[in-house]
Amino acid sequence: MKKHQTRILRNYKSRWLISHFMETILFAASISIIGAAVTIFIDPDYILPVVLILLFTTSVIYFPLKGFRRINETNILRLLNMQYPEMEQSAELILRKEDELSLLAMLQKHRVQEKLLNQSLPLVFPGKLKIHATFIILALVILAGSWITPKNISSNTPLPVTKEREAIIPAESSPSISLKGLEVKIKPPGYTGLKEIIQSEGDIRIIEGSKVEWSLLFSGDPAQVTLNFSNGQELELYESESDGALHAAITANEQGIYDISYSDASGRRLRTDFYKFEIIKDGRPQIDLEGIEQYQELEFGQQQDISFRCNLSDDFGLTGAWIIATISKGSGESVKFREDKLLFESRIKSGSREAQLNKNLNFDELKMTPGDELYFYVEAYDNKQPVPNGARTEIYFISIKDTIEYVFSLEGNLGVDLMPEYFRSQRQIIIDTEKLISEKEKLTEYEFNLRSNELGFDQKALRLKYGQFLGVEEESGIAIVDEEELEESVSVEEGGEEKDPLDAFTDDHDSQNEELDDEGEPIADPLESFTHAHDAREIATFFSNTIRGKLRAALALMWDAELYLRLYEPQKSLPYQYKALELIKEIKNHARIYVHRIGFDPPPIKEESRLTGDLEDVNSQYDQQRLEKKISYPGIRRAIHKIDRNLEDNTLFEEEDDETFIKAGNELAILVIENPGKYINALQLLKQLSNNEQLSSKDLNILSQQLHAILPEYETIPTRGYRTNSELQQLYYKALKSKPQSR
Amino acid sequence: MEEDLFSIDSIHYLGIISVATTGILLLVIKEFFWDKRRTALRVLASTLLVISITCIALRPLLRGEITQAKAVLLTRGYSTKILDSIQSAYPGIPVYYRLSGSKTEMQNVQNILNVRSAFDLTILQDNLNQVFLLGEGIKDFEKSALKTMNVTYYPAGPQSGIVDVIYNNEVVINKISHITGNIVVENELKLVFEGPEGKLDSLYFPGPGEFEFDFNIKPKLTGKQIYHIEMWQAGRRIAREPVPIVIKEQVPISVLILNSFPTPEARYLKKFLADENHTVMVRDKISRNKFRYEFLNMGGLRLRNINTTFLEGFDLMIIDQRAWQDLTSKEREHITTQVENGGIGVLMHDIFDTGLRKRYPMFSNFVIDESEYEEFSFDDVTNLGPGKSMMKIRDSPYIVPLQVSSEDEIISAYSIFGIGKVGIILTSQTYELMLGGKKDVYSEFWSTHIERLSSRSWVAESVEVFPDLLLIHEPIKVKYLTDHNNPVVLVDSIRINLKQDFMFPEQWEGEFWTETAGWHQFGTPKGNKPDSWFYVFDNNAWESVRQSRSIESNRITYSNRSDHVEAVILYAYQPVSLMIFFVLALISLGFLWLEPKL
């Protein structure tokens, strides 16, 4: 009986405990939900720990403090009294020992005991279950509200937040780490005078030489954060203690694209979209001359000066500009050059972007005389650091006419100097003679005489060379013959009839200049048999009479010069040498015109003997080639086909397509590096495709359009048509054939 | 089949008639043997009875004059004024509206009945024999519904928008193709032409009037592409019409070049062709019977004499006149035969002799005259640099000019010889275009000549679809040329039934409908040719073009019908009411029953 009674009471007690436990859980859950709602606003990444902590602490505090102590047998009996009138306010008697009770009380105890044991009486335990249930619904509403409202990062975040670009990873797993904030600090080079820029976009467009500093803020703790540039450079970011952001800096010199890659906790490598990294080059200064023509020839005394204006501009600032002038005096062997750096009348204000400078070139100041020529160009530099950009104009010419001087012209375009080398060495002999005279004191007599004799020999050699032109070969004491000439003469003697290698390529036009008789033979001179015209000194030269006279005079002078040199009297030799040199210079001017007249004149070929050679050993030639037509951008072409097919009938991309998109991406990347602004969007979309991401049809359309635009346009090419091989067609062709076709 | 039907029917009728005759005979005999009273009456009644019953079974017809019925059939763009005048002339005339397919056109006017096609008219109204047709008219396939009727057509008023568009729906890559058409503009309007790479061109039309437009395309990629023509008015796009085009790969040509001596012209041409994957064999004469052979993109061949077997491997022969004359007469004969029967083309250049036509029958159509002009510019379109020619080709109906100089002198032309073509070209300085950097003009020039003259490849099968603009839910006709005995054509892998043409057994025709707009494919079960694509437009594509074409077509069909309809009396066989026979049968039966009781 007693046991039974205790069991019932224990039963009541445990039920009360469960009820209290439930109440505790509800309360703790409500608090946690509200906590979660607040955390969403602050940092959504911490929801789980916050919830767990709140749940635990609230439960631990609430469970023992709130009403736990009330759960005992006395209170259970009191509840029975309160809720069941049939207990007649005497349930407590159950716990009392019988010997403590009066008879009446004992009777009452038995009655109550009987009721308690026989009837299972349900009890309602005191508590706030209902209130807590309402509370939890309320908390859920708050949570939902905070979930929907847009999230802002609290003010203690040091960086501005960019529109977050999602890391490119397969769609089914969302990254726990993401790029939250991106700040790019661009510090243009000091000389540009531009201010520092801070931007929150990843796409960068900067002046060459700017310093770029990235600050990245991640949610979570990423590892191995690097900036990857298209040229293969990888830049690791370091963490700053002051703001917790990751930093990296670079001085921009090469343009391209870049992306940010990082690893998450599981070691998976994530990459962002591509950003462009475009570099604007500091241009060279622009120079424009006004009021002067590129080539000007002035009559002597006509004008004493010439003025012009120079307009200069640069994108960031000019530092200096000047004129580099060269004045040439004299001509031929005696030409002298003088180089000068001339300044403009006003100076450039350092750092100014535009300047207008004037210059007056005074020929007197430049010490220019008739026959002199002035060449000049303008040079300007900008303020680029460390190496400034320089620019220069074309060369401008100003020449003052000299009417006294020989005017000679180089006719035609025979770019070969046909004059022998020794023509130049008369001057050399003079220089050496002068040197010998000046060194006379230092030298022994033997040395002096030896050198004078050697010079005499040189003079002789030169004389003989000129003598050849006059036909004085029989006088040659020393044979100075060119190897080529020697070979020629030998071959003519040996072969008698030398076969011209050009025979096969020439026709009768080549011999048109020849006077031919009826049989095609050259007309012979009727006086030929009566005269001996060979090597007549007066005729057998290349030169005209006046030149011949001059040349002979020069030779005579050379004789005298040689004579004095042989006599070890170089001083006396010098005047002759000077005179000889002068004459040679004159001859040279004439000779240029004359020498040019000598052209290649092949021997005449008999018409009937043409194409009659023996061709037995000549074989037909065979040549085989395969010219493969290279198709530009094969990857991009394939990718367009795939994308268009997908757009047409919504077929899904297959795994093999990834490779196509990667190939197309590689082809496109080369273009992107060349023009970062132009195709980066297409490259990003291609990258997403190759990562198995599904793109919207709008994006695919854009991608297809941009890829199409890349393909180059080719020239029209012929193609083969086709015709149907039907009976009807055959009948038609048969009818065509049978029809008379000509009039 | 028809014979079978005929025999069944005749047996049927013969049976009924023989049963009836037997019935009458039996009854008449019975009457004679039964009773002598009122025999004639009984015989009459019996005969009448059998005849009535027979007639009920046979349902006889009687020829009679029929009443004429008129109706008005409205189509899109009809004039309400004309409708009013018809209604006042024929009060109570039934009016039908043929739905065009677009929902906005639905007529909710009282007393106007919407119909889906002209065929509905014949069902809805008996004895219809005159129809007033208003608006854009009916479609070709509906015309059979009104075949027996007197149709008066009142076309829709002037159209606006694009009223005609012409383009080739199959083009070759890297080849310029035109999309031309006419547009009727009321207010200022802009046409924007869009290709796969975005906007390609645009045209502005300032004011009212009809204008022509012409857009060029030069496709860069093979496959199916949809270009678009957009109409913009006041900054708003009012229409976007698709221009579907199939871009095909270039098919290489085999060219044989014979030169009497190496020339820069031949050298550049050889390079140009070989670079574009064409097969080129060049033979330059070095000396007497000594040649230099070049084989580009092909295997080497040992050539002793030019004969038909050798020529079969080539589509075109380019030869200078000296080289032509250096050939043996046997070789020239072989070439002539191959042009005539094999279809190879021959293009001769470096002409120095105007008497070419007299000596060689193949060139008999080319009369060459001395030219007054020594220099000419190729063409005002291409604006080629100056060419030099001392000769010109005389125009004649037997030649097709290919290049005409700015002085209207024919510089190059071809003529048909057998199944092949023979052409001559009087200039030999086109390589100067290449030197001058005008590669595009050079390519255009030679592409035209080579394409026109080259022999075409034979295709055993070809497939064509009609009409021009295919629409969903409308019949599409297919014409298939093949020498197969039992050809099968699949449209998107669904087999369509083909009917053999009784005149040309190689021609098969079929008809089908598609339910989806866009690209569809023809195929054969084996997957071999024909493998061609066609595009089916949505119901509202090219509305103005279809409308103007429909008006034109209806105008032609119904042009010979006069506006004044004379009263035509029509006769028809109409069924005699069976009730008469039934009553007669009842009376006869009743008399035969009652008579013995009298």
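All chains are named by letter (A, B, ...) in the order of the sequence lines, taking the proteins before the strands, and each is independently numbered beginning at 1.
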Asks: With rounding to the nearest 0.5 Å, note down the distance linking OG1 in B/Thr222 to NE2 in A/His641.
Replies: 4.0 Å
Asks: NZ of B/Lys271 to CG of A/Leu627: how many Å apart, nearest 0.5 Å?
Replies: 6.5 Å
Asks: Within this structure, what is the CD-CD distance for the pair A/Gln621 and B/Glu294, rounded to the nearest 0.5 Å?
Replies: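 The CD atom of A/Gln621 sits 9.5 Å away from the CD atom of B/Glu294.
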Asks: Any chance you could measure B/Leu221, atom CG, to A/Arg638, atom CZ, to the nearest 0.5 Å?
Replies: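 Taking CG in B/Leu221 and CZ in A/Arg638, the distance rounds to 11.5 Å.
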Asks: Can you tell which part of B/Ile226 gets under 4.5 Å to a heavy atom of chain A, answering side chain, backbone, both or neither?
Replies: neither
Asks: Nearest 0.5 Å, what's the CG-CG distance between B/Leu296 and A/Asp623?
Replies: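 Answer rounded to 0.5 Å: 7.5 Å.
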Asks: With side-chain contact (heavy atoms from CB on, under 4.5 Å) as the test, pick out the partner of A/Pro718 among B/Ile253, B/Val172, B/Thr448.
Replies: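 Passing option: B/Ile253.
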Asks: What part of B/Phe291 is in contact with chain A, defined as an atom under 4.5 angstrom from a non-hydrogen atom: side chain, backbone, both or neither?
Replies: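 For B/Phe291, backbone and side chain are both near chain A.
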Asks: From B/Ile450 CD1 over to A/Thr719 OG1, what is the distance, rounded to the nearest 0.5 angstrom?
Replies: 11.5 Å
Asks: Where does B/Asp440 contact chain A at under 4.5 Å (heavy atoms): side chain, backbone, both or neither?
Replies: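 For B/Asp440, the contact with chain A is made by backbone and side chain together.
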Asks: Just so I know, are the side chains of A/His708 and B/Gln225 near enough to count as touching, which here means a heavy-atom distance under 4.5 Å?
Replies: yes
Asks: With chain A, which of B/Met281, B/Lys224, B/Arg283 has the greatest number of heavy-atom pairs at distances under 4.5 Å?
Replies: B/Lys224
Asks: Using a cut-off of 6.0 Å, state whether more than 12 heavy atoms not belonging to B/Gln500 lie near its atom CD.
Replies: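 Enclosed.
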Asks: Using a cut-off of under 4.5 Å on heavy-atom pairs, state which of B/Ser447, B/Gly300, B/Pro219, B/Gly198 scores highest against chain A.
Replies: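 Of the candidates given, the most pairs with chain A belong to B/Ser447.
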Asks: What part of B/Ser455 gets within 4.5 angstrom of chain A, counting heavy atoms only: side chain, backbone, both, or neither?
Replies: both
Asks: Heavy-atom pairs under 4.5 Å with chain A - which of B/Ser454, B/Ala274, B/Pro252, B/Pro361 has more of them than the others?
Replies: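 Of B/Ser454, B/Ala274, B/Pro252, B/Pro361, B/Ala274 has the most heavy-atom pairs under 4.5 Å with chain A.
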Asks: Has the side chain of B/Lys220 got a donor or acceptor atom that lies under 3.5 Å from a matching backbone atom of A/Leu711?
Replies: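 Side chain of B/Lys220 to backbone of A/Leu711, a donor-acceptor pair under 3.5 Å: yes, one is there.
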Asks: Picking from B/Lys175, B/His278, B/Gln507, which has the most non-hydrogen pairs under 4.5 angstrom with chain A?
Replies: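 Highest number of pairs under 4.5 Å: B/His278.
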